[in-house]
Amino acid sequence: MKAFIYERYGPPETLRMAEVDTPAPDAGEVLVRVLAASVNAADWHVLRGKPLFSRATLGLLRPKHKILGVDIAGQVEAVGSGVTHLQPGDEVYANLLDHGYGGFADYVAVPVGALSLKPAKLSFEEAAAVPMAAGTALQGLRHHGELRPDQQVLINGATGGVGSFAVQLAKASGPEVTAVTSTGNLELVRSLGADHVVDYTTTDFARGGRRYDRILDTVGNRSVADLRRALASGGKAAVTGFTSMRRLLGVSLRGGKDVAQVSAHVTTRDLELLSELIEAGRLRPQIDRRYRFADLPAAIAYLEQGHARAKVVVALTAS
Ligand SMILES: NC(=O)c1ccc[n+]([C@@H]2O[C@H](COP(=O)([O-])OP(=O)(O)OC[C@H]3O[C@@H](n4cnc5c(N)ncnc54)[C@H](OP(=O)(O)O)[C@@H]3O)[C@@H](O)[C@H]2O)c1
């Protein structure tokens, strides 16, 4: 099969298309023919082997996993032993973050606990946009308990992959949602359902008059003091984004019950919940750019600039 592989840490050009063996599904896995994938910040972090401490698990000198790709949508090609609820031809989507990546390839073996049936109303490209970003938004928003309609919620980074889902997911629970983005994206966040918008190029949400019961910081560019300043009494913030070691350590060391760093680990249960919201018309992926598989390095380079408008997807075949 064809796959994009990398054998040393580096920029997107480090990736090269190669012929590799098609994997076989182990017990409890299915082999998926990948029809679309989306790119995530995790792909370029892992490609570059940054932050450096992550190489302790990724591979000290060389990457352990040669094929990147967390988010996929496709068709079940074969099932491993013990898998009875899925069969060849089923349309699925999956998150491979905790399962060794491998999505940037014609086929990948996926543990059944990392996938779900794909929402029928989405194309494969749209479905591939969902798992990691929407799963992270979901887990970040509910980290401090379910949202309530009487709450004020702020989403920092509201037009990124995670943020564009977070605005819609927060609105689906009923609270008043304030979205922080840049000037060119104000209309986009309004169209996602935001009640209020803050243009971060002119206004600092931590120094305005409004206070929030919940903050989801998908960017990770604010200090704990800034986040606390913007919280209402008893309010809580979840930080899913990562911009620098200083900020990451700041939240880890100076945060606490009210300001928490959150790592998402998306499961079948989360994907099923997202599918229900999608089928009910309450959640819809926004696609910024579509790339051909052969142009995957360009897709990752674009995302790495940090200003994608929602999701960037890659088509392995027309869907
Ligand atoms: N914790 C986890 O499990 C987890 C999971 C997924 C992702 N992440 C991390 O979360 C971060 C975001 O991921 P993503 O997929 O949403 O990234 P993304 O799609 O690249 O989006 C980045 C967004 O950040 C916005 N932004 C840039 N500077 C900003 C600023 N100063 N203030 C407010 N917004 C700003 C950009 O909006 P403009 O274009 O308007 O500037 C853009 O929409 C990454 O660091 C990623 O590694 C963590």
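When a ligand or atom number is given, it counts from 1 through the structure's own listing order.
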Contact region, Thr159 to ligand 1, non-hydrogen atoms below 4.0 Å, reads both

Going by the order shown, which atoms of ligand 1 are within less than 4.0 Å of some heavy atom of Thr181?
40 (O)

Find all atoms of ligand 1 within a distance of less than 4.0 Å from any non-hydrogen atom belonging to Ser263, and give their numbers and elements.
1 (N), 3 (O)

Please tell me whether Val177 and Val219 are part of a single hydrophobic cluster in this structure, the criterion being side-chain heavy atoms less than 4.5 Å apart.
no

Run down the list Gly161, Gly157, Gly184 and name the one with the heavy atom closest to atom 25 (C) of ligand 1.
Gly157

Side chain, backbone, both or neither: Asn156 near ligand 1, heavy atoms under 4.0 Å:
side chain

Taking only heavy atoms of Ala308, which atoms of ligand 1 are found under 4.0 Å from at least one of them?
42 (C), 43 (O)

Check: Phe242 N/O within less than 3.5 Å of ligand 1 N/O
yes

Could you check atom 41 (O) of ligand 1 against the protein and tell me its nearest heavy-atom contact, residue, atom and distance included?
Tyr200 OH, 2.4 Å

Would you mind telling me which of Asp288, Thr159, Asn185 makes a side chain to side chain donor-acceptor pair (under 3.5 Å) with Arg309?
Asn185

If you count the atoms of ligand 1 from 1 in the order shown, which ones are under 4.0 Å from a heavy atom of Asn185?
38 (P), 39 (O), 40 (O)

Is the contact between Thr218 and ligand 1 made by the side chain, the backbone, both, or neither, using heavy atoms and a 4.0 Å cut-off?
backbone

the protein heavy atom lying closest to atom 40 (O) of ligand 1 turns out to be Ser182 OG, 2.5 Å

When you measure from the heavy atoms of Gly306 to every atom of ligand 1, does any distance fall below 4.0 Å?
yes

I'd like to know if Val108 and Tyr101 are part of one continuous hydrophobic network [Ile/Leu/Val/Met/Phe/Trp/Tyr, side-chain heavy atoms within less than 4.5 Å].
yes

Any non-hydrogen atom of Gly220 lying under 4.0 Å from ligand 1?
no

Could you check which of Val180, Thr240, Val219 puts a non-hydrogen atom nearest to atom 24 (O) of ligand 1?
Val219

Give yes or no for whether the N/O distance cutoff of 3.5 Å, strictly under, is met between Gly163 and ligand 1.
no

With a cut-off of 4.0 Å, which atoms of ligand 1 are near a heavy atom of Met132?
5 (C), 6 (C)

Thr136: numbered ligand 1 atoms lying under 4.0 Å from its heavy atoms
2 (C), 4 (C), 5 (C), 6 (C)

Honestly, for Gln139 the part within reach of ligand 1 (heavy atoms, under 4.0 Å) is neither

Identify the protein heavy atom lying closest to atom 39 (O) of ligand 1, giving its residue, its atom name and the separation to 0.1 Å.
His307 ND1, 3.0 Å

Do the non-hydrogen side-chain atoms of Leu115 and Thr268 ever get within less than 4.5 Å of each other?
no

May I ask you to establish whether Arg48 and Tyr6 are in a cation-pi arrangement, using a distance under 6.0 Å from NZ or CZ to the six-membered ring centre and at most 45° from the ring axis?
no

For atom 44 (C) of ligand 1, what is the nearest protein heavy atom, given as residue, atom name and distance?
Ala41 CB, 3.7 Å

Could you identify the single nearest non-hydrogen protein atom to atom 3 (O) of ligand 1 and state the distance to 0.1 Å?
Ala264 N, 2.7 Å

Charged N to carboxylate O below 4.0 Å: is that the case for Asp270 and Arg142?
yes

So the atoms of ligand 1 within less than 4.0 Å of a heavy atom of Gly160 turn out to be 16 (O), 19 (O), 21 (O), 23 (C), 42 (C), 43 (O)

Per-atom filter on ligand 1: closer than 4.0 angstrom to a heavy atom of Asn221 are 30 (C), 31 (N), 32 (N)

Can you report which non-hydrogen protein atom sits closest to atom 13 (O) of ligand 1, along with the distance?
Val162 CG2, 3.9 Å

Do any nitrogen or oxygen atoms of Val262 come within less than 3.5 Å of a nitrogen or oxygen of ligand 1?
yes

Ligand 1-proximal atoms of Lys311, by part, heavy-atom distance under 4.0 Å
neither

How about Val112 and Val79: do any of their side-chain heavy atoms sit closer than 4.5 Å?
no

Establish, from distance only, whether the side-chain atoms of Asn221 and Asn156 form a donor-acceptor pair under 3.5 Å.
yes

Check whether NZ of the Lys or CZ of the Arg Arg62 lies under 6.0 Å from the centre of the six-membered ring of Tyr9 and within 45 degrees of that ring's axis.
no

I'd like to know if the side chain of Asp213 and the backbone of Gln152 have a donor-acceptor N/O pair within less than 3.5 Å.
yes

Is there a polar contact, in the sense of an N or O pair closer than 3.5 Å, between Asn40 and ligand 1?
no

Side chain to side chain, Arg190 and Val197, heavy atoms closer than 4.5 Å
yes

I'd like to know if Val92 and Phe104 are part of one continuous hydrophobic network [Ile/Leu/Val/Met/Phe/Trp/Tyr, side-chain heavy atoms within less than 4.5 Å].
yes

Please determine whether residues Ile72 and Phe165 belong to a single hydrophobic cluster, defined as Ile, Leu, Val, Met, Phe, Trp and Tyr linked transitively by side-chain heavy-atom distances below 4.5 Å.
no

Based purely on interatomic distance, does Ala42 place a nitrogen or oxygen under 3.5 Å from a nitrogen or oxygen of ligand 1?
no

Leu231-Leu147 co-clustered via ILVMFWY side chain contacts under 4.5 Å:
no

Can Phe242 and His45 be said to form a ring-ring contact (aromatic ring centres under 6.0 Å, His included), step by step?
CA-CA 10 Å; Phe242 169 79; His45 286 307; 5.6 Å; yes

Just checking Asp21: does its CG atom have more than 12 heavy atoms from other residues, nucleotides or ligands closer to it than 6.0 angstrom?
no

